[in-house]
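The structure appears below as structure tokens.
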Amino acid sequence: MTSSSDKTALVTGGNRGIGFAICQGLLEKGFHVILTARSSEKGQAAVAQLSTESNRVSFLQLDMNSDASIEKAAVQLGEDIPKLDVLVNNAGIYPDKGATILSVSRQLLIRTANTNSFGPVKLIQELLPLLEKANTPRIINVSSGNGQLDGLSTNVPSYSLSKLALNGITILMADALRSQGVAVFAMCPGWVRTDMGGQSAPRSPEQGADTAIWLATEGTLADSGKFFRDRQVQPF
Ligand code: NAP
């Protein structure tokens, strides 16, 4: 059996919030962590913060809205690492700001889906050759209760629909990749104190990161295609 010390994980949107806490937690589990961010400056600053505790973290620029950025990162990773054990699609935006399903623009629907739903599809497609080389490859899609059928909110329409789509992508990818042994999970971190969640949220970023880290280390192929919160399977 391979221990976490032989494993490499890549996290999107790792420069702050839940993504940063996921990077920190995976480092504590012994993973080599590739912290990615769209801003090189912010990403490198986050890596510098983590490097004081561990030399097993590196930075890679990755903008989830850009196919060119994703393709460039995949080529670079193909040269740098022999396999990828874990991919965490964490990066996300929450831009509705007062829009409802009755007023949201097509442009905003597309922008949110581009980052939160279609970026993860493209990244999984590009990183698949590296994931398939791992013994127990796992993909974790950081979704939201707003993407559950009973959690959709008219007050965050583009966000809700983008996470509903991410849940659908999780189901489709799990089906498509089961025979290759690649497990794909969706999870909700709960309401978390980050720039996105705000300061009134009850959970710390570390609490929000817990289920993603648990899935990265213990998620099984039998549970592939399922949605989790607090380490428990939830209905979509
Ligand atoms: P956050 O503090 O706003 O951080 C979002 C992260 O995503 C940042 O690193 C941001 O980078 C990155 N990002 C945004 N667009 C990107 C792009 N095009 N390419 C690459 N990175 C991009 O949010 P968070 O609270 O940590 O949320 C993390 C995930 O948890 C999201 O998927 C969110 O939907 C989900 N979630 C959060 C909560 C909550 O209560 N906080 C609840 C449910 C689900 P920049 O710094 O460059 O902007």
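Both ligands and their constituent atoms are indexed starting at 1 by order of listing. Scope of the values below: all heavy atoms of this structure, side chains included, with no hydrogens, waters or symmetry mates.
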Subject >> Approximate separation, where rounding is to 0.5 Å, of Asn65 CG and Ile70 CD1 >> reply: 8.0 Å
Original post:
Charged N to carboxylate O below 4.0 Å: is that the case for Asp6 and Lys83?
Top reply: no
Original post:
Shortest non-hydrogen contact from Val104 to Leu108?
Top reply: CG2-CD2, 3.9 Å
Subject >> Nearest option to atom 28 (C) of ligand 1, as decided by whichever heavy atom of Val88, Leu166, Asn90, Thr36 sits closest >> reply: Asn90
Original post:
Relative to ligand 1, is Arg203 under 4.0 angstrom through side chain, backbone, both or neither, heavy atoms considered?
Top reply: neither
Subject >> ligand 1 atoms in contact with Pro189 (distance to a heavy atom under 4.0 Å) >> reply: 36 (N), 37 (C), 42 (C), 43 (C), 44 (C)
Original post:
Out of Leu10, Val47, Leu50, which residue meets the side-chain contact (heavy atoms from CB on, under 4.5 Å) rule with Cys23?
Top reply: Leu50
Original post:
Heavy atoms only: which of Leu62, Asn146, Val11 is nearest to atom 20 (C) of ligand 1?
Top reply: Leu62
**OP:** Treating Ile, Leu, Val, Met, Phe, Trp and Tyr as nodes and any side-chain heavy-atom pair under 4.5 angstrom as an edge, say whether Leu87 and Leu26 lie in one connected cluster.
**Re:** no
Original post:
Which of the atoms of ligand 1 are close to Gly13, meaning less than 4.0 Å from one of its heavy atoms?
Top reply: 9 (O), 12 (C)
Subject >> For atom 9 (O) of ligand 1, closest protein heavy-atom neighbour >> reply: Asn15 OD1, 2.7 Å
Original post:
Which atoms of ligand 1 sit under 4.0 Å from any heavy atom of Asp63?
Top reply: 17 (C), 18 (N), 19 (N)
Subject >> Per-atom contacts of ligand 1 with Tyr159, taking only distances under 4.0 Å to non-hydrogen atoms >> reply: 33 (C), 34 (O), 35 (C), 36 (N), 43 (C), 44 (C)
**OP:** For atom 39 (C) of ligand 1, grab the closest protein heavy atom and report residue, atom and distance to one decimal in Å.
**Re:** Val192 N, 3.6 Å
Original post:
So which protein heavy atom does atom 7 (O) of ligand 1 come closest to, and at what separation?
Top reply: Gly92 N, 3.3 Å
Original post:
Could you walk me through whether Lys163 and Asn116 pass the side-chain contact (heavy atoms from CB on, under 4.5 Å) check?
Top reply: CA-CA 7 Å; Lys163 294 297 190 180; Asn116 294 0; 4.1 Å; yes
Original post:
With atoms numbered from 1 as shown, which atoms in ligand 1 lie under 4.0 angstrom from a non-hydrogen atom of Trp191?
Top reply: 40 (O)
Original post:
Hey, any chance Met64 and Met173 share a hydrophobic cluster, counting ILVMFWY side chains that come within less than 4.5 Å of each other, even indirectly?
Top reply: yes
Subject >> Top protein contact for atom 44 (C) of ligand 1, by heavy-atom distance >> reply: Ser143 O, 3.1 Å
Subject >> Interfacing atoms of ligand 1 (cut-off 4.0 Å, heavy-atom, Val142) >> reply: 29 (C), 30 (O), 32 (O), 35 (C)
**OP:** Please report the C-alpha distance between Arg111 and Ser158 in whole Å, then the side-chain angles of each, then the deciding distance to 0.1 Å, and finally whether the side-chain contact (heavy atoms from CB on, under 4.5 Å) criterion is met.
**Re:** CA-CA 9 Å; Arg111 178 159 81 88; Ser158 79; over 6 Å; no
**OP:** Please answer: with hydrophobic residues joined when any side-chain heavy atoms are less than 4.5 Å apart, are Phe236 and Leu215 in the same cluster?
**Re:** no
Subject >> Residue Asp195 vicinity, atoms of ligand 1 by number, heavy atom under 4.0 Å >> reply: 2 (O)
**OP:** Examine Phe227 and Ile124 and state if one hydrophobic cluster contains both, with Ile, Leu, Val, Met, Phe, Trp and Tyr joined whenever side-chain heavy atoms are less than 4.5 Å apart.
**Re:** no
Original post:
Counting only heavy atoms, which portion of Lys42 has something under 4.0 Å from ligand 1: side chain, backbone, both, or neither?
Top reply: side chain
Original post:
Which atoms from ligand 1 have a heavy atom of Gly190 less than 4.0 Å away?
Top reply: 38 (C), 39 (C), 40 (O), 42 (C), 43 (C)
Subject >> Note, Gln49 side chain near Phe20 side chain (heavy atom, < 4.5 Å) >> reply: yes
Original post:
When you measure from atom 2 (O) of ligand 1 to every protein heavy atom, which one gives the shortest distance, and what is it?
Top reply: Arg16 NH1, 3.3 Å
Subject >> Joint cluster assignment, Leu164 & Val142, ILVMFWY side-chain distance < 4.5 Å >> reply: no
Subject >> Heavy-atom closest contact (Arg138 atom, Thr217 atom, distance) >> reply: NH1-O, 3.3 Å
Original post:
With a 4.0 Å cut-off on heavy atoms, is Lys163 touching ligand 1?
Top reply: yes
Subject >> Ala91 contact mode with ligand 1 (heavy-atom cut-off under 4.0 Å) >> reply: both
Original post:
Do Ala37 and ligand 1 have an N or O pair less than 3.5 Å apart?
Top reply: no
Original post:
Please state which protein non-hydrogen atom is closest to atom 47 (O) of ligand 1 and give its distance, to 0.1 Å?
Top reply: Arg38 NE, 2.9 Å
Subject >> Ile18 contact mode with ligand 1 (heavy-atom cut-off under 4.0 Å) >> reply: both
Original post:
So which heavy atom in the protein is nearest atom 19 (N) of ligand 1, and how far is it from that ligand atom?
Top reply: Met64 N, 2.9 Å
**OP:** With heavy atoms only and a cut-off of under 4.0 Å, state how Ile93 meets ligand 1: side chain, backbone, both or neither.
**Re:** side chain
**OP:** Do me a favour and list the nearest non-hydrogen protein atom to atom 25 (O) of ligand 1 with residue, atom name and distance?
**Re:** Thr194 OG1, 2.5 Å
**OP:** Could you label the plane-to-plane angle of the Tyr94 and Tyr159 rings as parallel, tilted or perpendicular, counting under 30° as parallel and over 60° as perpendicular?
**Re:** perpendicular
Subject >> Between Asn167 and Ser143: side-chain donor-acceptor atoms closer than 3.5 Å >> reply: yes
